[in-house]
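First the proteins, then the strands, lettered A, B, ... as listed; each starts at 1.
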Amino acid sequence: MTKFSDLNLDKKVLKAVEETGYETPTPIQAGAIPPALEGRDVLGIAQTGTGKTASFTLPMISMLKRGRARARMPRSLVLAPTRELAAQVAENFDAYAKHTKLTKALLIGGVSFKEQDALIDRGVDVLIATPGRLLDHFERGKLILSDVKIMVIDEADRMLDMGFIPDIERIFGLTPFTRQTLFFSATMAPEIERITNTFLSNPAKIEVARAATTSENIKQGVVMFKGGAKNAADKHRLLRDLIKSEGDECRNGIIFCNRKIDVDAVAKSMTKAGLDASPIHGDLDQSHRMKTLAGFRDGTLRFLVASDVAARGLDIPNVSHVFNYDVPSHAEDYVHRIGRTGRAGKKGTAIMICVPRDEKNFDDIERLVEMTIPRVEMPGAPAPKAEPKSDEAPSEEKPKRTRTRGGRGRKSDAAKTEETAVETPKIEDAPKQDAPNAEAEKADAPKAENTRQEPSDKPKRSRGGRNRGKRDNNDRGPQIVGMGDDAPDFIAKSFVERQGS
DNA sequence: AAAAAAG
């Protein structure tokens, strides 16, 4: 079994890692760190929750340790799609760079330029940014990117969703050809592939996917709510009843709504009913967002009512419950949302409210997660539990979601990642891994039984899901790895195709 | 019919 100490990381980095208590790298870490340390480009295909962040911060810190930044000329650059994710990377960097003298700056929107300017002027080793604010600084002539040695793109597919790709291309163009690029995406849509073909050179490709689309630690439920969509008060009350019916088990929770308006309304109704809740969405000012999130993290706030700002990537340990006030309209978002609970091997509960007009989206979700989400009877009657199945079957025996571990040829993660770490520039031959899901998060116990050798018989393109609608019902073969096949249709399309549809 | 990010 590979240990962090086998990875050739700088001693001071290793020390910081040890202090966090982690010993065993996750598959993405074991796969990405060695080639990154050799100076190679890395293409990491991994979801959030696989330990991705450390897979680039650790080698970066190791490599940057020598040398010092000049004024306005950062030596490395990390781009993330949302402010919160950028901030999270910055925290991760702080944790692992604490025994080094490296400096960093976090450049995100919604906060004043002044402090950011001062840091840049002083010279930083690591710049962590959202694309808009970075370009803003650049255009004001405050930033020179010609000394960037390492550039990281995190959550590239989300950047694509958010229309950041032109900005990303532009930023690539501002950095030197000779830079090393570490590029991470959950899926390889054609547009993403085009970017990587253009800007990466002979990358080591590491692919890691979740073992199951949703963690087995998460107990799921749905309430089919027939109440009128016109009357928000009914739905608010239903939500509160659901929370109540969970009793003490519900220590805290995130309530996801599809619209910012509803985020505010739900938060208000909860507060009014005496529940400790605060809203978070993109219209709230940044310092407020940060404060709310911090409060939720440290337990002073019990309920976070959120838009999809908070759906992806955010690592908040110890979230006992996720409530989907609305059915998300992209099935993939469901997985991201409920993945905020059941993290790091802990148990979690995810309950969703589905109204009649959401049923189509709901069907998509059930198809994506490949299970029937247990129906929760309307509360009012006390505490119908969220998972009828639990009496008969202990949670480790849910056959439907374990297809990825069905194969022969199981290998230990260590063996597997070694293969991955060697030269794998050729896409088709890159071995794939099924990652442990939530547990992998904390780098403590990658599960060998989740690892499986993938025969490379499947044409690359079919993973993009172009034909997904037709194929879904009858071709859910075991080749599916991670969300490649489950990506929403549009993700697989080029911009031109999207305009056509 | 939405959210996010630059203002």
>> Looking only at the side chains, is there a donor atom on one of A/Asp125 and A/Thr103 sitting less than 3.5 Å from an acceptor on the other?
In response: yes
> Base, sugar-phosphate, or nothing for A/Arg289, non-hydrogen atoms under 4.0 angstrom?
Replying inline: sugar-phosphate
>> Need two values: the first and the last nucleotide of DNA chain B, 5' to 3', having an atom under 4.0 Å from any heavy-atom of chain A.
In response: B/dA2 to B/dG7
> For A/Lys268, does the NZ atom have more than 12 heavy-atom neighbours from other residues, nucleotides or ligands under 6.0 Å away?
Replying inline: no
> Is A/Lys235 close enough and on-axis enough to A/Tyr325, meaning under 6.0 Å and within 45°, for cation-pi?
Replying inline: yes
> So what does A/Arg158 hit on the nucleic acid, given a heavy-atom distance under 4.0 Å: a base, only sugar-phosphate, or nothing?
Replying inline: nothing
>> I'd like to know if the side chain of A/Thr181 pairs up with that of A/Arg179 as donor and acceptor (distance under 3.5 Å, no hydrogens or angles considered).
In response: yes
>> In terms of relative ring orientation, are A/Phe184 and A/Phe56 parallel, tilted or perpendicular, with 30° and 60° separating the classes?
In response: tilted
